[in-house]
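Accompanying notes for the structure given below.
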Protein chains: 2
Amino acid sequence: MDIQVVIADSNHIVRCGLTAILSNFPDIRIVGEAVNEEKLKELVFNFSPRVVLIDFLAPGFSVDTVQELKRISENLRVVAITTEQSGVTIVNALKAGVDSYIKKDCDIHEIVDSVQETGKGSKFFCGQILEAIRRESIDPDEINGLEINCEPVSLSRRELEVIKLIAEGNTNNQIAEKLYLSAHTVNTHRKNIMQKLGVNNTASIVMYAVKSQLVSPNKFLFSPVNSAAG
Amino acid sequence: MDIQVVIADSNHIVRCGLTAILSNFPDIRIVGEAVNEEKLKELVFNFSPRVVLIDFLAPGFSVDTVQELKRISENLRVVAITTEQSGVTIVNALKAGVDSYIKKDCDIHEIVDSVQETGKGSKFFCGQILEAIRRESIDPDEINGLEINCEPVSLSRRELEVIKLIAEGNTNNQIAEKLYLSAHTVNTHRKNIMQKLGVNNTASIVMYAVKSQLVSPNKFLFSPVNSAAG
DNA sequence: TTGTTATTTAGAAGTAGTTTAAATTAATAT
DNA sequence: ATATTAATTTAAACTACTTCTAAATAACAA
């Protein structure tokens, strides 16, 4: 029986290349190509493919796309194909529901194998990803086993205020002053925010603030002042 | 003598509105409108207006735009007009070379005054901005007096590596492991990075990483895992 | 009324980030 | 060859963040 595959990447050349490579194999059938998340969700909803081969880091997609696809189609399996392989990227992809992960510069056989194996229900990782997984001590089965809370993050008004101020570089004491609170309170908000976001450091809070457009990096200027001035 | 003004905002309605308001005054002459940074730089280069009235937070612009305009035209004076007024935003705008600052929902008289006063060489702040300046204890004259280092930030290869890992949420110890260094070394890199960027906390390093596209927020997933799992 | 969530405050222990100081290596210019 | 600078490395002291535990008030819904 054929493995029905949808290819998702913003780049036309990449989509053509992947389609050309995979079309050579009789057990693989490309049922569609998507340039962005919206089109991809339509395709998955309408055709219920077995496998989506996606570069979730390409413009127009994100790791959240994977999570949403899995909600749309119960039996869908996802192969991620990207140009980078940092530990965080892999971990987040697995959390979001990626089953298999390969790199764009991996061996062509690995691309084909990943789709075939994933279609059969196995996981597949190319050599470079396997190396990264070992180096970073990532356990894909453990992460896949985690139950992700599918409800969207629900932050209170106060928490959103605190997130913005954190992202703008304020300390707990500075936030406390601006919000007329005790530093203890701000600390509690910070703790609750991290819990709701599933993270455990300031860097991730800032990343969340930018990703969810609570702050724009465009308003930050990065130029050292000459200390001679004054 | 006329004050030659260029209006810069991505929004057509806003540009029309500002042009309509300012055109009523005989001492003000609108010499052009710009939808994005590129067009704005062209206009400033070709027409050397006295004043640019800009929403540097609108899509297609950023606080850096102001800095670049000041380099293009020596006598140019800049009036910022935005919808927000957080302390960091104002401070960064002033650092970048903004002379006057008003809000989009301020009094119409204040819009006109800001352009006229700025054209004459004064500074002007609308009521809401003045309130923010007082609340945050900002001294516009002091910030304007600072000599900004105009040379672009120059980070070493090692520093860029460290920035990426910081933005991904790694601690100094984790970075040390990944880069085969002592935590002390990573600490020094962090210090030098902050110095070069003109900042003093992790949040700002993350903001820089995103702004300069060293990392994409799209690869970060924010969903708490159900602690029941395992 | 009861139960839930948001908001507020507090103390303490442990971890991580920030500042300051200093030395070594590598690259470059004079 | 030597002086100068930038990059990289190590160290210690201090400040801020993170985790944990505990509790009180307010707003709101069942």
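From a predicted model like this one, the values you see are computed outputs, not experimental measurements. By convention in this document, chain letters (A, B, ...) are assigned in the order of the sequence lines, proteins followed by strands, and residues within each chain are numbered from 1. FYI, side chains are in, hydrogens and waters are out, and symmetry mates aren't considered; it's all heavy atoms of this structure.
- Of the candidate nucleotides dA7(D), dT18(D), dA21(C), dA7(D) has the atom lying nearest to any side-chain atom of S156(B).
- When heavy atoms are screened at a 4.0 angstrom cut-off, T202(A) is found touching the sugar-phosphate backbone but no base atom.
- Among the atoms of the strands shown, base atoms are found under 4.0 Å from some heavy atom of N187(A).
- Checking dT9(C), dA16(D), dT19(C) against every side-chain atom of L181(A), the shortest atom distance belongs to dT9(C).
- Residue contacts shown for T185(A) include a base, since a base heavy atom lies under 4.0 Å away.
- Where V199(A) and N173(A) each meet DNA chain D at their nearest nucleotide, the meeting point lying more 5' is that of N173(A).
- Residue N192(B) is in base contact, counting any heavy-atom pair closer than 4.0 Å across all strands shown.
- Under 3.5 Å, the side chain of T188(A) and the base of dT9(C) form at least one donor-acceptor pair of N or O atoms.
- Salt bridge annotation for E117(B)-K123(B): absent, with no cationic side-chain nitrogen under 4.0 angstrom from a carboxylate oxygen.
- Taking side-chain N and O atoms only, H184(B) has no distance below 4.0 Å to OP1 or OP2 of dT9(D).
- When distances are taken from the side chain of N172(A) to each of dC17(D), dT9(C), dT8(C), the shortest belongs to dC17(D).
- Counting any heavy atom pair closer than 4.0 Å across all strands shown, R157(B) reaches no nucleic acid atom.
- Set against dA16(D), dT8(D), dT19(C), the side chain of R158(B) has dT8(D) as its closest nucleotide.
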